[in-house]
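Lettering of chains follows the sequences in order, A, B, ..., and the numbering in each one begins at 1. Everything numeric here is computed off the predicted structure, so don't read it as measured data.
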2 protein chains.
Amino acid sequence: MTTLRAVKPPHETRTRILDAAEELFMLHGFEGTSMRLLTSKAGVNLAAVNYHFGSKDALIEALFRRRLDPMNAARIAELARLEEEANGRPLAADAIIRAFVGQSLRHMEDTKSGGRNFIRLLGRTYTEPTKPIRVLIGQLYAPTMERYKNALERALPHMPREELVWRMHFMFGTLSYTLAATDVVQLIAGCKPEDRHDARLLEDRLTAFLAAGLTAPLKHAVRKAA
Amino acid sequence: MTTLRAVKPPHETRTRILDAAEELFMLHGFEGTSMRLLTSKAGVNLAAVNYHFGSKDALIEALFRRRLDPMNAARIAELARLEEEANGRPLAADAIIRAFVGQSLRHMEDTKSGGRNFIRLLGRTYTEPTKPIRVLIGQLYAPTMERYKNALERALPHMPREELVWRMHFMFGTLSYTLAATDVVQLIAGCKPEDRHDARLLEDRLTAFLAAGLTAPLKHAVRKAA
DNA sequence: GTCTATACCACGATAGAC
DNA sequence: GTCTATCGTGGTATAGAC
């Protein structure tokens, strides 16, 4: 076992399965892609999924962990970097938003590693009917969200906590939907398709929209409820 | 057939199927709910769905049409009413948004007719992997979107068309996500559950957030791209 | 430890009797 | 309109080959 086997890296089957799953789940959804199609595309045996992951659901979980854990770690690191630069002063809200949003868009840009597929898949998954998946996503995001919530509380000290939570919720929704629904824009009103792939421009558009929404003045009814 | 049959209204089987489908699709998704479960919950025969609708997909289409057509008609009527009141002057952006958003929340409030189930299901469907469903939703929304886009163009004459389309896209995303993902708020940061059902308060929160985002000043990069 | 062949039950859809 | 039988396909479990 410890002999040289340069041709076949360890866990190659695992990786092949994960890569094929990412693409097919994005195209046809979780329940829409059969294990038979998935394994044949990955070039592995039907039972390999069950051996390596245990079940289809466990495969889905592994798929999300593989990309989401590094992504959220990068988000937290980016926030820490900004806070260090600021030297104790609170950050501006739009800088915080940009740090969060940017990570998703960065992954969309590298068409090489299939990151684009994953991001679209991720955006779709927040509203998955299957509860275990939603719970998993929530768990994977929880530490990051806590950090960003704290940063936003410092950036917007006069915002009631509850209103801030709701606005973060809206923000999260806009981001996930934008990443997931790539063609509905065209269905609604038509837009130049080439723009959809300009991550830098999209980052500016999103940040401007979200920062304005997040820092909007409070309505009377909302302020009373706080 | 034309004799009096007060006990059993016409198309009762159809209605029973649609009602059961609405609830089960919301709970388990389209592919996640079996026809066997659906028909047994509806108290009809397994083959009845195929007889009345032709297929599972056709059932889904009928399900959306039943609720979405009146809902969008109400949206257009509401906009026409506001425009008549304004007597030719352009409407304010937040009034337009409130008219659009309000219709969804109105349907969420009547727990009686199962509207809440439908709205959650609808919010989830914009990001459905199955393309025919997305196309259907796009078609059903198209006339309404056109009307609202025109109204917003009048309300925001200095906004580049393309930026407006993107912002409407963001807006649509926030709305659909908010309606679909009822429990993720709690997963992320925790919020008082009773608030999630106060449609009036939610309408205020949403309108404030979206109006601010929609009317946000343009970034340089975005202005140059226009 | 990795992988394959195969068997098992539930699913969606359909045809035909009633 | 309803029911039953049936077909092809889905996810999963396992026994055994390498």
*Return the value, rounded to whole Å, for the distance between atom CG of Leu24(B) and atom P of dG12(C).*
11 Å
*Could I get the full list of side chain to side chain donor-acceptor pair (under 3.5 Å) partners for Glu78(B), not counting sequence neighbours?*
Arg81(B)
_Exactly one of Arg167(A), Arg147(A), Arg161(A) should register a salt bridge (Lys or Arg N to Asp or Glu O under 4.0 Å) with Glu153(A). Which one does?_
Arg161(A)
*Would you kindly give the CG-to-P distance between Asn45(A) and dT4(C), to the nearest whole Å?*
5 Å
_Distance test, side-chain N/O of His52(A) to OP1/OP2 of dC3(C), below 4.0 Å_ = yes
*Using a heavy-atom distance cut-off of less than 4.0 Å, which residues of residues 27-34 of chain A contact DNA chain D?*
Thr33(A), Ser34(A)
For residues 93-104 of chain A, run the donor-acceptor check on the side chains, cut-off 3.5 Å, and write out each pair with its distance to 0.1 Å, sequence neighbours left out.
{"unit_1": "Arg98(A)", "atom_1": "NH1", "unit_2": "Glu203(A)", "atom_2": "OE2", "d": "3.1"}
{"unit_1": "Arg98(A)", "atom_1": "NH1", "unit_2": "Asp204(A)", "atom_2": "OD1", "d": "3.1"}
{"unit_1": "Arg98(A)", "atom_1": "NH2", "unit_2": "Asp204(A)", "atom_2": "OD1", "d": "3.0"}

*What are the two closest non-hydrogen atoms of Ala48(B) and Thr13(B), and how far apart are they?*
CB-CG2, 4.4 Å
_Whole angstroms only, please: what is the OH-C1' distance between Tyr51(A) and dA5(C)?_
17 Å
*For Leu27(A), check side-chain contact (heavy atoms from CB on, under 4.5 Å) against everything at least two apart and list the hits.*
Glu23(A)
Sort me out a list of protein N/O and nucleotides 12-18 of chain D N/O pairs below 3.5 Å, or just none if empty.
{"unit_1": "dT12(D)", "atom_1": "OP2", "unit_2": "Lys56(A)", "atom_2": "N", "d": "3.0"}

_Test side chain to side chain donor-acceptor pair (under 3.5 Å) applied to Thr207(B) - qualifying residues, sequence neighbours left out_ = none
*asked:* Suppose we screen for salt bridge (charged side-chain N to carboxylate O under 4.0 Å, His left out). Which residues come up paired with Glu61(A), at least two apart in sequence or across chains?
replied: Arg65(A)
*dG1(C) P sits how many Å from Arg14(A) CZ, rounded?*
15 Å
*Atom pair distance, as rounded to whole Å: CZ in Arg16(A) and P in dT2(C)*: 16 Å
*asked:* Could you work out, with side-chain contact (heavy atoms from CB on, under 4.5 Å) as the rule, every residue matching Thr125(B), not counting sequence neighbours?
replied: Phe30(B), Phe64(B), Leu121(B), Glu128(B), Ile133(B), Ile137(B)
_So, using salt bridge (charged side-chain N to carboxylate O under 4.0 Å, His left out) as the criterion, who are the partners of Arg66(A) when residues are at least two apart?_
Asp19(A), Glu22(A)
_Holding to side-chain contact (heavy atoms from CB on, under 4.5 Å), I want the full list of residues that pass it with Asn50(B), two or more places apart in sequence or in another chain._
none
*Using the test ring pair (Phe, Tyr, Trp, His ring centres under 6.0 Å), find all partners of Phe53(A) that sit at least two apart in sequence or belong to another chain.*
none
_Overall bend - the helix from dG1(C)-dC18(D) to dC18(C)-dG1(D), comparing terminal axes fitted on five pairs, nearest 10 degrees_ = 0°
_Under 4.0 Å from OP1 or OP2 of dT2(D): is there any side-chain N or O of Thr39(B) that close?_
no
